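Each remark here refers to the structure printed beneath this line.
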2 protein chains.
Amino acid sequence: MGRWAPDARGRLERAALELFVEQGYTATTVPQIAERAGLTTRTFFRHFADKREVFFDGDAIPQAARRLLEQAPADVDPLALLRHGLRQVGVERFDGRREEVRRRREIILAEPALRERDAQKRDDLVRVLRPGLLARGVDPLGAALLAETSVAVLHVALETWLADPEERVFGDVTDACFHRLLMTSAPV
Amino acid sequence: MGRWAPDARGRLERAALELFVEQGYTATTVPQIAERAGLTTRTFFRHFADKREVFFDGDAIPQAARRLLEQAPADVDPLALLRHGLRQVGVERFDGRREEVRRRREIILAEPALRERDAQKRDDLVRVLRPGLLARGVDPLGAALLAETSVAVLHVALETWLADPEERVFGDVTDACFHRLLMTSAPV
DNA sequence: GTCTATATCGCGATAGAC
DNA sequence: GTCTATCGCGATATAGAC
């Protein structure tokens, strides 16, 4: 145990989430979050670039995606790799936590500032996937389209999964989306 | 002529673009923009919700999309309608203005705050396309995927079109993207 | 950690347009 | 008169500089 209470970052995240639920995003100020976490405003901004970032898990997903694309054997089919990656995201972040994920999503969708950051996070992922696919031999146009498509599938699948009465595993929903989108010649 | 010089909004937009080019986005303050346009800071915020918005054309594209989806004859195939819509966007905003569009894009890509807003604008379009497609009889999952796909194609096609040595018409690039994405059973 | 700039927005007043 | 666009003042929170 050091001089400070541990897990400052986690405490800030939890304090922020609590306050957002209690008062809404806009009404919650950074000093309030810091106070509830027993820290100073300055410390908040050392951990998060801005108030919105406390709501997102940094670069975790893009970094995992980069690792996956770099480390998977070169002979694995890119589309299969992406499907596996999305299933992995589900296992690590979604499956078995529907209510938690749903609550978080609702807060994001209700707040334009958070929707905006969410959209940016998706774009960040596209920008990691694209060069990763290129490095695996996919041509530039195909890599761009496949990167965008995968993130779109992640997005649509998340929403579908949250509303799914059958409570499927997330990876099954992403697979269904990919299938619907790519395996049909008349997808409409 | 009224009491005020006309086109306050346009003057603010032009002043902002000039200053962004001269000094960069961050170094440019709202008071500077307002001053160059001969208006006050307060007036700037009456026309634009925030500093970023001065760089984007409001809801123009989503509104045009909504109109298209609502007014086209019911028997037009949704995918064909989307392809037509994207071609229209090209005709109205891109074709023949490559350099202007390129300059704008470069500023956006260089500035995280603008990239974020750009991502949000794309999401806004998705959120208009989706119910529009539903109203045209596309099933929910198909509408969600097709909406996301169309916006992804718009995005990828814009980049491709900007780099295209053949200087194709924008609509031809979007068609090529759609074809690549949807008409192939093994798109990778 | 402290200090400060500046983005953002609420309120009341004003000046023509209709 | 009523409506709309603008102005001026002031308050507050974010975010970055020192």
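Computed from a predicted structure; not experimentally measured. We name chains A, B, ... by the order of the sequence lines, and we start the count at 1 in each one.
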Other residues, nucleotides, ligands: >12 heavy atoms within 6.0 Å of B:Glu111 CD =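 Atom CD in B:Glu111 is packed in, count exceeds 12.
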Exceeds 12 heavy-atom contacts within 6.0 angstrom, atom CD of A:Glu35 =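 It does not: A:Glu35 CD has 12 such atoms or fewer within range.
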Determine, step by step, whether A:Glu92 and A:Gln88 satisfy the side chain to side chain donor-acceptor pair (under 3.5 Å) criterion, reporting the C-alpha distance in whole Å, the side-chain angles of both residues, the deciding distance to 0.1 Å, and the verdict.
-> CA-CA 6 Å; A:Glu92 282 162 19; A:Gln88 237 1 70; 3.1 Å; yes
So A:Glu106 and A:Arg103, salt bridge (charged side-chain N to carboxylate O under 4.0 Å, His left out) or not? Walk me through it.
-> CA-CA 5 Å; A:Glu106 269 162 18; A:Arg103 237 171 292 133; over 6 Å; no
Measure from the side-chain heavy atoms of B:Thr29 and tell me the nearest of D:dA13, C:dA7, D:dT6.
->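 Among D:dA13, C:dA7, D:dT6, the one nearest the side chain of B:Thr29 is C:dA7.
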Side chain of A:Phe45 (C-beta onward), nearest among D:dA15, D:dG8, C:dG1 |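 Taking heavy atoms from C-beta onward, the closest nucleotide is D:dA15.
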Interatomic distance where [atom1] belongs to [X] and [atom2] belongs to [N] [whole Å]:
| X | N | atom1 | atom2 | value |
| --- | --- | --- | --- | --- |
| B:Leu12 | D:dC7 | CG | C1' | 14 Å |
| B:Arg46 | C:dA13 | CZ | P | 15 Å |
| A:Arg117 | D:dT14 | CZ | P | 14 Å |
| B:Phe44 | C:dT6 | CZ | P | 15 Å |
| B:Glu35 | D:dC7 | CD | P | 13 Å |
| B:Glu53 | C:dT8 | CD | C1' | 14 Å |
| A:Asp50 | C:dA7 | CG | P | 16 Å |
| B:Ile33 | C:dT6 | CD1 | P | 13 Å |

Does any donor-acceptor pair link the side chain of B:Arg42 with the base of D:dG10 at a separation under 3.5 Å?
->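 Under the 3.5 Å cut-off, the side chain and the base do not form any donor-acceptor pair.
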Please state whether the phosphate of D:dA5, meaning OP1 or OP2, lies under 4.0 angstrom from any side-chain nitrogen or oxygen of B:His47.
->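 Answer is no, no contact under 4.0 Å.
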For DNA chain C, whose closest nucleotide is more 5', that of B:Thr28 or that of A:Thr40?
->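 Per heavy-atom nearest nucleotide, the more 5' residue is A:Thr40.
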Can you label the angle between the B:Phe94 ring and the B:Phe170 ring as parallel, tilted or perpendicular, going by 30° and 60°?
->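 Plane angle over 60°, so perpendicular.
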At under 4.0 Å between heavy atoms, what does B:Thr41 touch on the DNA or RNA strands: base, sugar-phosphate, or nothing?
->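 Base: the residue B:Thr41, judged by heavy atoms under 4.0 Å, touches a nucleobase.
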